[in-house]
Structure formats: C-alpha cells, structure tokens
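Step one of this worksheet: look at the structure below.
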4 protein chains.
Amino acid sequence: MRISDKHQKITQAAIKVFARKGFFNARISDIAKEAKVADGTIYLYFNNKYDILISMFEDEIGKIILRVRLLIDQEEDPRKMMEIFALNHLQLIEGKRDLAEVLQMELRQSNKFMKEYRNKKFIEYIDIISTIVRKGQKMGLFRQELLPGIIKCAYFGALDEMSRLWILSQKPPYSIKEAARQVSDMFLHGMMTRKT
Amino acid sequence: MRISDKHQKITQAAIKVFARKGFFNARISDIAKEAKVADGTIYLYFNNKYDILISMFEDEIGKIILRVRLLIDQEEDPRKMMEIFALNHLQLIEGKRDLAEVLQMELRQSNKFMKEYRNKKFIEYIDIISTIVRKGQKMGLFRQELLPGIIKCAYFGALDEMSRLWILSQKPPYSIKEAARQVSDMFLHGMMTRKT
Amino acid sequence: MRISDKHQKITQAAIKVFARKGFFNARISDIAKEAKVADGTIYLYFNNKYDILISMFEDEIGKIILRVRLLIDQEEDPRKMMEIFALNHLQLIEGKRDLAEVLQMELRQSNKFMKEYRNKKFIEYIDIISTIVRKGQKMGLFRQELLPGIIKCAYFGALDEMSRLWILSQKPPYSIKEAARQVSDMFLHGMMTRKT
Amino acid sequence: MRISDKHQKITQAAIKVFARKGFFNARISDIAKEAKVADGTIYLYFNNKYDILISMFEDEIGKIILRVRLLIDQEEDPRKMMEIFALNHLQLIEGKRDLAEVLQMELRQSNKFMKEYRNKKFIEYIDIISTIVRKGQKMGLFRQELLPGIIKCAYFGALDEMSRLWILSQKPPYSIKEAARQVSDMFLHGMMTRKT
DNA sequence: GATGAATGAGCTTTCATTCAT
DNA sequence: GATGAATGAAAGCTCATTCAT
C-alpha cells in the first residue's frame with residue numbers, strides 16, 4: 001500500500017466522521033475504525049486531531065479550486081463564469097455531501113478555534129469570485145462602483161447558506177440547478193450595467 | 001434579586017465565554033466565574049451546558065426579531081425594509097459583538113450537534129426576509145419569478161458572510177454602513193422589475 | 001474534613017504507592033484508590049503527577065529537617081551531633097520505611113528528571129552536616145584541612161547507602177543502631193585531631 | 001559486521017540516551033536513532049527495553065570491575081588499594097560521564113523496579129572494598145572491630161554521593177583527585193589502628 | 001539479518017455534573 | 001436558593017513491541 005493511501009484513507013474517514021458527529025464530538029477511535037486502521041496509525045500521518053481537520057481542509061479545498069478554475073478558464077464571459085462558480089459550489093452537496101457538511105461547519109468553527117490559522121486556501125477559493133467581478137468590470141459588464149471584495153463575500157455567503165439549507169432539510173424544496181440559477185441570476189441582474 | 005437576574009447574568013456570561021473560546025472549549029467553570037456565581041448555581045437555571053447555548057440562542061434571536069420587526073413595521077416600502085434588515089443585521093457586530101460571534105459560529109456548529117433541534121427562532125428570523133420579498137412582489141416591485149425561499153437564504157447568507165469577514169479581520173476594509181448599502185443595493189437591483 | 005486532610009491523605013497514599021511501584025510505574029488511579037478518593041480529586045490538590053512527587057518530597061524532608069534540628073540543638077558536642085544525625089537518618093527506615101524508600105529512589109531519579117528543579121530542601125538537609133563539621137573545626141575537635149563540603153557528601157552518602165542496603169535486604173545483617181554507630185564512629189575517628 | 005558490533009552500538013547508544021533522559025523517558029526509537037539502526041533491530045539483540053538496561057548494566061560494571069581489579073592487584077598495601085578504588089570510581093565521571101550518570105540513577109531506580117533482579121555484578125563491585133578491608137585487618141592495619149560489610153557500604157556510598165554532586169553541579173568546587181584523596185584519607189584515618 | 005509501518009493497550013488529565021452543607 | 005468539593009467517565013495521545021517484507 002502506498003504511503004499516501006493510508007493518509008487518504010484516514011482523511012476520507014475523518015470527513016465521514018466529522019460530518020456525522022462534528023469535529024469535537026468525533027473521537028480519534030471513530031476515525032480509526034472508519035478508516036480501518038489502529039488509533040495509533042493516525043498519529044503516523046497527522047500530528048493531532050486538529051491537524052487532521054486542517055490538513056483535510058486544505059487538501060479538499062485545493063481540489064475544489066483546481067476543478068472550478070478548470071471550468072472557469074474555458075469560459076470567456078464573466079457572467080457565465082459566475083454561473084459556473086455557483087453551480088459548481090452547490091453541486092458539491094450532491095457529489096461530496098459529507099465534505100460539504102464538514103467544510104460548512106468547520107469553516108465557521110474555525111472562527112474561534114483556528115484564530116491563528118490564516119485560512120489561505122479558503123481565501124484563494126473566494127478570491128476566484130472577486131477576480132471574475134474585476135474582469136466583468138473591465139469589460140464594462142458589471143457596474144464600476146461595486147466593490148469586488150464585498151461581492152465575493154456576498155456571493156459566497158449566499159451560495160453557502162443555500163448549501164446549509166440543503167444539508168439541513170431532508171427534502172429540499174428546489175433543485176440545486178434551480179437554486180444556482182436563481183442566485184447567480186439575481187446577482188448578475190444586480191451587478192450589470194444599464195446597457196447590458 | 002429576581003430569579004431572572006441570575007438567569008440573565010449567566011446567559012450574558014455564556015455569550016462572552018462562548019465568543020472567546022467557542023462552545024466546546026468553554027468550561028462551565030469559566031461561565032460561572034464570568035457570571036460570578038458558583039458552578040452548581042448554573043444547574044439551577046439550566047439543565048446542562050448545551051441547554052445554556054440553546055436557551056441563550058432563542059432568547060437573543062428573539063430580541064433581535066422584536067427589534068427588527070419594530071423598525072420594519074414603520075416602513076411602507078419593501079425596498080426600504082430590505083435595507084433596514086441588512087443594516088440591522090450587520091450592526092449587531094458593533095452593538096453586540098460577542099453575541100454576533102456566537103450566533104455566527106454556533107449556528108453552523110448546530111448543523112451537526114443540534115441535529116434534532118429544529119431551529120424555530122432562526123427560521124422566524126430569516127422568514128422576515130421572505131415576507132418582505134412577497135410584499136414587494138405583490139406590490140409589483142420585485143420580479144414575480146423570484147422564489148422568496150431562495151432570496152431569503154441568499155440575502156441572509158450574503159449578510160452573514162459579511163459579518164464573518166468583519167469578525168475575523170482586525171481592521172475591516174469597509175464601514176458597516178457601506179457594506180450594508182452595497183449588499184442591499186445589489187440585491188434590490190437584482191430583484192426589481194424593469195419599470196422600477 | 002479539613003482541606004489539608006485530603007492533601008495529607010493523597011500525599012501519604014502517594015508515598016505508599018511510589019514505594020511499592022516507583023514513580024513511573026505508579027498510576028494516578030493507584031494513588032487515588034490508596035487514598036480512597038476519585039482520580040479527579042487528586043488534581044484539585046496537585047497540578048500533575050510530578051507535582052505530587054515534588055510536593056511530597058519537600059513536605060517530608062521539611063519534617064525530617066525539623067526533627068533532626070531539634071535533636072541536634074540539644075547537644076553541645078559536635079561529635080554527638082554527628083552521631084545523632086546518623087542515627088536519625090537510619091531510623092527513618094524503621095519509622096517511615098515507605099518514605100525512606102521513596103526519598104532514596106526519587107532523590108536519584110531526580111538527577112535527570114528534576115534537572116531544572118534545584119533541590120533546596122535536600123541541600124538544606126545535608127547542610128546540617130557541614131554546619132556541624134564547621135562547628136567541630138572551630139572547637140578544634142575536627143581537623144582543619146577537611147573540607148566540610150566534601151564531608152557532608154561523604155557522610156550523607158555513606159548513611160544513605162546503608163539505608164539502601166537495609167531496604168533491599170530482607171533480613172539485614174546488622175542492627176540500625178550498630179550501623180549508625182559504626183559509620184559515625186569511623187567518620188569521627190577519621191576527622192578528629194591527634195590530641196582528641 | 002560482527003554480531004557483537006550491533007550489540008555494542010545499541011548498548012552505547014542506550015547509555016547516551018538513558019543519561020540524557022532517564023530510563024523511563026527514553027524511547028526505544030531514541031536509542032535506535034542514536035545507534036543508527038531500525039527500532040526492530042534492537043529486538044534482535046535484546047528482549048525488551050528493560051533488558052537493555054540490565055544487560056548494559058552488567059556489561060559495564062563488569063568492565064569496571066576488571067579494570068579496578070587490575071589496578072588493585074598491582075598493589076600490596078590495602079591503604080593504597082582503598083585510594084585506588086576511590087580515585088578509579090570518581091574518575092568514571094571524567095572518562096565515561098554518561099555511563100556514570102546512568103549507573104548512579106538506575107542503581108537506585110532499580111530498587112523498586114528490579115525487585116526480583118539480584119544485582120550480582122554490583123555486589124561483586126562493592127565486595128572489592130570489603131575484601132580490601134579484610135586484608136587490611138589481617139595485616140593489622142585496620143581496626144578489628146570494623147565490620148567490612150558496613151565499611152564497604154559506607155565507602156561506596158560516600159564515593160557515589162560525591163559522584164552525584166559532580167554530575168549535578170555544572171562547575172564542581174573540588175577536583176576529582178582532591179575529592180578522592182579527602183574521602184579515602186578520612187576513611188583510612190578512621191579505620192586505622194593506633195600504632196599505624 | 002534488518003527494517004520501520006502498524007498496532008493497541010494503557011495512561012494522564014479534563015470537566016460536566018452532582019449533592020452534602 | 002447557593003455553594004464548590006468531589007466525582008469518574010471519557011478521550012487524546014504515546015510508545016514498546018511485532019511482523020510482513
């Protein structure tokens with residue numbers, strides 16, 4: 001077994017367990033059992049429980065960034081890009097529900113307990129939005145007076161709260177595509193210049 | 001001393017301590033010390049640690065609902081109402097920073113660890129938004145095809161993510177008013193019908 | 001129960017357990033069981049396992065110092081004082097065998113693991129010897145060329161090694177009094193000036 | 001590489017590590033790293049951690065015995081022999097400081113945790129002293145009433161406590177030779193018959 | 001023989017909760 | 001009602017030892 005396989009197995013197990021119980025209620029032995037390794041084995045790959053969270057966080061956000069960048073780079077129109085970002089973010093719930101839950105939850109928990117940990121990867125992720133906004137402004141599509149730093153926050157926040165709704169509700173009232181369309185549609189309407 | 005005074009003192013102490021350390025890292029004895037009561041006294045007013053959180057949550061959201069309703073009821077124009085909601089939500093950070101932090105954080109943590117707890121008060125709070133949206137749609141101000149259930153999510157999410165930015169950053173790049181204005185402005189632009 | 005009673009109970013239990021198993025092999029739960037308190041109770045009186053050792057060490061050496069000083073202060077003749085010190089030290093094995101074992105053992109363990117901990121109480125104890133030696137030199141009883149700092153080491157070391165022999169052997173070949181007499185006698189012979 | 005080479009390497013590494021951290025705080029992996037072998041390799045040469053200690057102990061005391069016997073056998077005069085023993089014992093600190101520390105420490109720790117282990121080699125070592133004493137008594141040099149079993153204890157204890165002082169103090173107040181001379185001088189004075 | 005990844009028992013310490021005062 | 005000393009279950013983490021390679 002390649003070394004990275006154990007690391008992977010533990011990370012994936014941790015995602016499942018954190019999603020099920022939350023970080024604090026998850027026991028190392030839960031993760032170990034889920035990963036089918038001994039408790040001690042986890043400490044060969046991670047320094048401590050918290051390190052599992054951080055490490056997993058960065059790995060997975062990293063992958064998400066790669067994927068969404070790939071999709072966005074194929075587009076020319078910033079309006080399309082905004083749609084793609086929205087759809088991609090929300091589809092995470094379908095494709096990797098456990099991961100979506102954990103990111104949701106831990107991102108906020110991190111407020112307090114990652115105080116020192118400047119969340120570079122996450123910033124990188126939402127900066128994708130502000131980059132699109134700036135591109136749209138340069139092309140005259142989006143209003144100049146909008147602050148990209150605020151839009152990125154608002155857009156991500158809107159999408160993420162949609163995610164939360166989905167995760168919490170057993171049978172969500174709308175399809176993911178519909179929700180993504182509505183949110184991006186409304187933001188685009190709100191951002192576009194008169195002429196467009 | 002009225003019975004509710006001790007209850008209040010403990011609740012306020014809990015807000016401070018939860019804000020400082022997070023729910024899981026907060027110790028009952030921390031709260032007791034902050035409230036200047038004995039550890040055991042807390043159990044005369046709350047069933048357990050978790051109950052402090054829930055109880056505090058409902059009380060405080062309740063107060064916020066009362067206040068924002070009061071402000072909104074003085075308005076006629078749904079567009080103004082939307083602005084008021086935004087400003088009021090963001091101003092929480094200034095007025096009651098600790099509370100803002102706790103609501104932020106615990107709302108998400110709750111995903112997992114309040115599983116059974118259907119968060120009625122919170123739903124009541126964000127339903128204020130959908131009520132406004134519906135009012136605006138009836139008055140022909142907002143586009144009919146918008147789903148109020150999605151808008152409420154998106155609007156709240158956008159505002160709350162702005163909050164998060166403020167709480168995390170030492171010196172925020174924008175004023176709260178400016179942020180509230182931009183977010184509500186953009187949503188209103190996005191929601192309004194052509195004619196308006 | 002007075003607060004100091006629990007502290008005392010735990011200290012005495014620790015002495016027993018450390019004597020039986022040694023510091024490292026002793027479990028907190030062993031001490032708790034011996035003291036008939038809960039594991040957690042120990043941490044109300046001591047910071048950690050190591051703190052039990054240090055604290056006990058200082059308390060008990062303190063008591064020994066008081067007692068031996070009392071006895072010595074009743075004497076005029078430094079030669080008698082030396083005898084008293086020897087007898088008193090060796091009698092510890094009879095009176096407080098467990099304590100004797102622990103002091104024996106931990107004093108040496110401390111070499112490594114108390115590195116930072118400058119063992120004031122112990123130094124105070126053996127300095128009693130050098131004080132006697134100096135007194136004897138002033139009175140012209142002991143040879144002037146003897147270094148009190150070396151004598152104190154040698155005298156204490158000799159006595160303590162006698163202790164060790166007793167502790168280890170099931171049926172010691174000599175009585176404690178006989179041993180104390182021989183050791184002090186030999187040192188006194190070795191230290192005295194010609195005339196005496 | 002001869003089999004004994006690995007054994008030697010591990011033993012020497014263990015001495016270093018035990019001296020640095022003490023037996024209980026030393027990890028097998030520390031010793032393995034110091035010896036530049038794999039953790040598992042240690043178990044090809046020793047049964048367990050404890051066995052490393054015992055085995056090392058016996059080997060090294062064995063060497064010391066050989067050396068001091070060699071030196072003593074060249075002498076005729078028991079008084080000289082006593083001096084040689086003292087000097088040789090104390091010089092261990094200079095020549096093999098780590099070993100000296102370990103012997104010091106573990107000899108005492110062993111009290112408890114080597115309970116079953118009857119320390120033959122150590123007994124052999126200190127019996128060298130009683131043999132000298134008996135020889136001196138036969139030659140009429142040392143007083144007949146002295147018990148060789150007590151003298152050996154006292155002499156060894158005195159020397160070993162001197163060692164401890166050296167090991168603990170950063171800059172010892174006396175030279176090793178001076179200390180050895182004072183101790184043996186004082187014992188010899190104390191032991192000798194009138195006439196001599 | 002040599003390796004070092006994997007194991008899992010075992011331990012210290014924490015802290016929510018209780019209850020005698 | 002109020003207290004806070006006492007409880008003891010629970011869990012993160014370590015590390016001696018094993019064994020497949």
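Below, each value reflects all heavy atoms present in this structure, side chains not excepted, and no hydrogens, waters or symmetry copies. We name chains A, B, ... by the order of the sequence lines, and we start the count at 1 in each one.
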To the nearest angstrom, the CG-P distance between D39(C) and dA11(F) comes to 16 Å
Contacts of A26(B) and K36(A) projected onto DNA chain E by closest heavy atom; the upstream (5') one is K36(A)
Categorize I28(A) for me: base, sugar-phosphate, or nothing, with a 4.0 angstrom heavy-atom threshold over every strand shown.
sugar-phosphate
Show the nearest heavy-atom pair for residues D39(B) and I28(B), with the distance to one decimal.
O-CG2, 4.4 Å
Say whether, by atom type as modelled, one donor and one acceptor occur between the side chain of K49(D) and the main chain of F23(D) under 3.5 angstrom.
yes
Has Y50(D) got a side-chain N or O lying under 4.0 Å from the OP1 or OP2 atom of dA16(F)?
no
Counting only heavy atoms not in K63(B), do more than 12 sit closer than 6.0 Å to its NZ atom?
yes
Measure from the side chain of Y43(C), starting at C-beta and using heavy atoms only, and say which of dG12(F), dT14(E), dG1(E) lies closest.
dT14(E)
Are E101(A) and R97(A) within salt-bridge range, i.e. N to O under 4.0 Å?
yes
If I take atom CZ in residue F24(D) and atom C1' in nucleotide dT14(F), what distance separates them, rounded to the nearest angstrom?
15 Å
Any strand counts, and the cut-off is 3.5 Å on both contacts for Watson-Crick or G-U wobble. Which nucleotide pairs with dA20(E)?
dT3(F)
First of N48(A) and G40(C) reached from the 5' end of DNA chain F, by closest nucleotide:
G40(C)
For a salt bridge (Lys or Arg N to Asp or Glu O under 4.0 Å) with E34(C), tell me which candidate from K21(C), R27(C), K16(C), K9(C) qualifies.
K16(C)
Which listed nucleotide (dA16(F), dC11(E), dA5(F)) is nearest to the side chain of R27(D)?
dA16(F)
If you compare every side-chain N and O of S29(D) against the phosphate oxygens of dC15(F) (OP1, OP2), does one of them come in below 4.0 Å?
no
Nucleotide dT14(E), atom P - distance to CG of D30(B) in whole Å
13 Å
Closest approach to the side chain of A38(C), judged atom by atom: which nucleotide of dC15(E), dT3(F), dT7(F) is it?
dT7(F)
For N47(A) and dC13(F), what is the distance between atoms CG and P respectively, to the nearest whole Å?
10 Å
Check the distance between dT17(E)'s P and D51(B)'s CG and give it to me in whole angstrom.
10 Å
Ignoring backbone atoms, test whether K6(C) places a side-chain nitrogen or oxygen under 4.0 Å from the OP1 or OP2 oxygen of dA5(F).
no
Please report the distance, rounded to the nearest Å, between NZ in K33(D) and P in dC15(F).
12 Å
For K49(A) and for K49(D), find the nucleotide of DNA chain F with the closest heavy atom, then tell me which residue's nucleotide is more 5'.
K49(A)
Taken to the nearest whole Å, CD1/I42(D) to P/dT3(E) is 10 Å
Output the rounded distance in Å from CD1 (I10(B)) to C1' (dG1(F)).
12 Å
Just compare dA2(F), dG1(E), dT17(F) and give me whichever is closest to any side-chain atom of L44(D).
dG1(E)
